[in-house]
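Here the structure comes first, spelled out in structure tokens, and everything after it is commentary.
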Amino acid sequence: MKLSNAFCILADLRIAIQQAFKPTLIELLRSPSLVFRPHKLSQIFFYHLWKVFGDGTNQAGHQVKTDLIIPHAKGVVLDLGAGMGHTMLYLDSHVATKYVAVEPNLLMHPHIRTMAADQGFSEESGSLIILSCGAEDCKTISDALGGLHQVDTIISILTLCSVPRPQHTIKVLVDKVLKPGGQLLFFEHVASKRRDVLFWQRFWTPIWRTCFDGCVLDRPTDNYIRDLPFWEPFPGLDSDGNRMGLWGKEGEIEENLWWHQAGRLVKRAVQ
């Protein structure tokens, strides 16, 4: 792997510190007790960071998400790690009848509501639900939706990299929350298949995780999803001729520390 690709992460870390350190320090000086709440402090740092990175990150994956979400997302949509709600830019509120944002960082919630209002979703109409739990809290999600198997579409965009126990979490979500015949749409950065790239992903992960609210670079999320026993056979086409399976991001170099995989998988109607 070229050293220029291995160390390009330093530029992102520098920008992250420049943009988020000062406002986080101000919050810490206002509330010194935050020093005893490192997770909350991390959320504050990431919030200020995402105000700068969010739109650009959305744009970088725009074509993938356009092809993945716009033609397929429907019914009750569960957005894991909703952030500031960028996923709603790819939803048709006439087809996606309810948007459920799972976002444990409360600082993001006003941005979700603003985005929802622009896209035709609202809590008043019942078409918007914002949950402050994490994706791993499957029981809270199910209870908020009125029981098991209430979701037509699960969407995970750059989220499973930071979820605790991701293999267990995605298994339970698909098994207990997703309807039979429902679908999982995902776009995640994952562990590289190249050993040299994977070495650098593992090298940088402790630092990256600290700055980016738990984000892990070397997680084989695509394998966790692919190996679940609930899917219709793939790769292939569903009954409507739509693509099922996993694929990479077009034009992405193999030496990318943030190597991406996307996919659309459909849960078997009869388990």
Side-chain angles (χ1 to χ4, degrees), residues 1-65 80-89 101 103-115 132 134 156-164 187-192 197-219 221 249 251-253 255-260:
M1 183 178 184
K2 294 179 181 178
L3 288 180
S4 59
N5 290 329
F7 283 87
C8 68
I9 194 172
L10 292 175
D12 288 318
L13 290 170
R14 176 179 57 82
I15 295 171
I17 293 170
Q18 287 177 339
Q19 297 295 332
F21 179 75
K22 183 178 178 179
T24 303
L25 180 61
I26 291 172
E27 291 292 335
L28 181 59
L29 293 175
R30 287 174 176 168
S31 303
S33 62
L34 284 170
V35 74
F36 302 109
R37 302 167 63 194
H39 180 62
K40 179 63 176 178
L41 202 59
S42 176
Q43 287 186 328
I44 293 171
F45 185 94
F46 187 73
Y47 165 71
H48 290 291
L49 179 63
W50 206 242
K51 286 197 297 184
V52 177
F53 272 78
D55 288 341
T57 301
N58 173 61
Q59 192 59 39
H62 176 75
Q63 191 58 55
V64 175
K65 289 185 280 187
L80 306 178
M84 294 183 173
H86 285 95
T87 294
M88 281 183 279
L89 296 172
E103 179 48 65
N105 192 333
L106 300 183
L107 296 171
M108 304 287 194
H109 290 192
H111 297 271
I112 294 174
R113 290 188 174 93
T114 298
M115 184 77 74
S132 58
S156 181
I157 305 296
L158 305 178
T159 293
L160 295 172
C161 55
S162 58
V163 170
F187 175 56
E188 299 281 350
H189 65 78
V190 302
S192 175
V197 179
L198 182 60
F199 168 85
W200 287 107
Q201 287 179 319
R202 289 172 174 166
F203 178 85
W204 289 117
T205 282
I207 300 172
W208 190 258
R209 173 191 283 154
T210 301
C211 292
F212 283 78
D213 201 20
C215 175
V216 175
L217 299 175
D218 60 343
R219 186 170 280 178
T221 304
K249 183 180 179 183
E252 185 169 75
I253 64 170
E255 292 192 350
N256 193 344
L257 289 170
W258 300 271
W259 190 66
H260 294 88

Parallel, tilted or perpendicular, as decided by the 30° and 60° cut-offs, for the rings of Phe46 and Phe212: perpendicular

Thr159 versus Glu188, closest heavy-atom pair with distance: N-OE1, 3.0 Å

Flag, side chain of His189 to backbone of Leu257, donor-acceptor distance under 3.5 Å: no

Over all atoms of both residues, closest heavy-atom pair of Asn256 and Gln201: O-NE2, 4.5 Å

Interatomic distance, Leu89 atom CG to Gln59 atom CD [nearest 0.5 angstrom]: 10.0 Å

Pairwise distance CG(Asn58) to CH2(Trp50) - rounded to 0.5 angstrom: 9.0 Å

Residue pair Met88 / Ile112: nearest heavy atoms and the distance that separates them: CE-O, 3.4 Å

Check: Leu217 and Ile9 side chains under 4.5 Å, non-hydrogen atoms: yes

Test item: Gln43 and Leu106 side chains (from C-beta on) under 4.5 Å apart, heavy atoms: no

For Thr87 against Ile157, the heavy-atom pair lying closest together: OG1-CG1, 4.1 Å

Approximate separation, where rounding is to 0.5 Å, of Ile17 CD1 and Phe45 CZ: 6.0 Å

Trp200 side chain near Glu255 side chain, heavy-atom distance below 4.5 Å: no

Close side-chain approach of Leu80 and Val163, heavy atoms under 4.5 Å: no

Side-chain donor or acceptor of Ser42 paired with backbone N/O of Pro38 under 3.5 Å: no

Short side-chain to backbone donor-acceptor contact, His86 and Met84, under 3.5 Å: no

Any donor-acceptor pair under 3.5 Å from Arg219 side chain to Leu160 backbone: yes

Min side-chain heavy-atom separation Trp258-Lys249 under 4.5 Å: no

Closest non-hydrogen atom pair between Leu49 and Cys211, with its separation: CD2-O, 3.9 Å

Residue pair Phe7, Trp204: steps toward the side chain to side chain contact (heavy atoms under 4.5 Å, CB included) verdict: CA-CA 9 Å; Phe7 283 87; Trp204 289 117; 3.6 Å; yes

Heavy-atom side-chain proximity of Arg30 to Ile26 below 4.5 angstrom: yes

Least distance between heavy atoms, Val52 atom then Gln19 atom: CG2-OE1, 3.5 Å

Test side chain to side chain contact (heavy atoms under 4.5 Å, CB included) applied to Leu41 and Glu27, step by step: CA-CA 9 Å; Leu41 202 59; Glu27 291 292 335; 5.9 Å; no

Inter-residue atom distance Leu13.CG - Ile207.CD1, 0.5 Å rounding: 7.0 Å

Trp208 side chain reached by Asp12 side chain, heavy atoms, under 4.5 Å: yes

Atom pair CG/OG of Leu28 and Ser33 - distance to nearest 0.5 Å: 9.0 Å

Close side-chain approach of Thr24 and His48, heavy atoms under 4.5 Å: yes

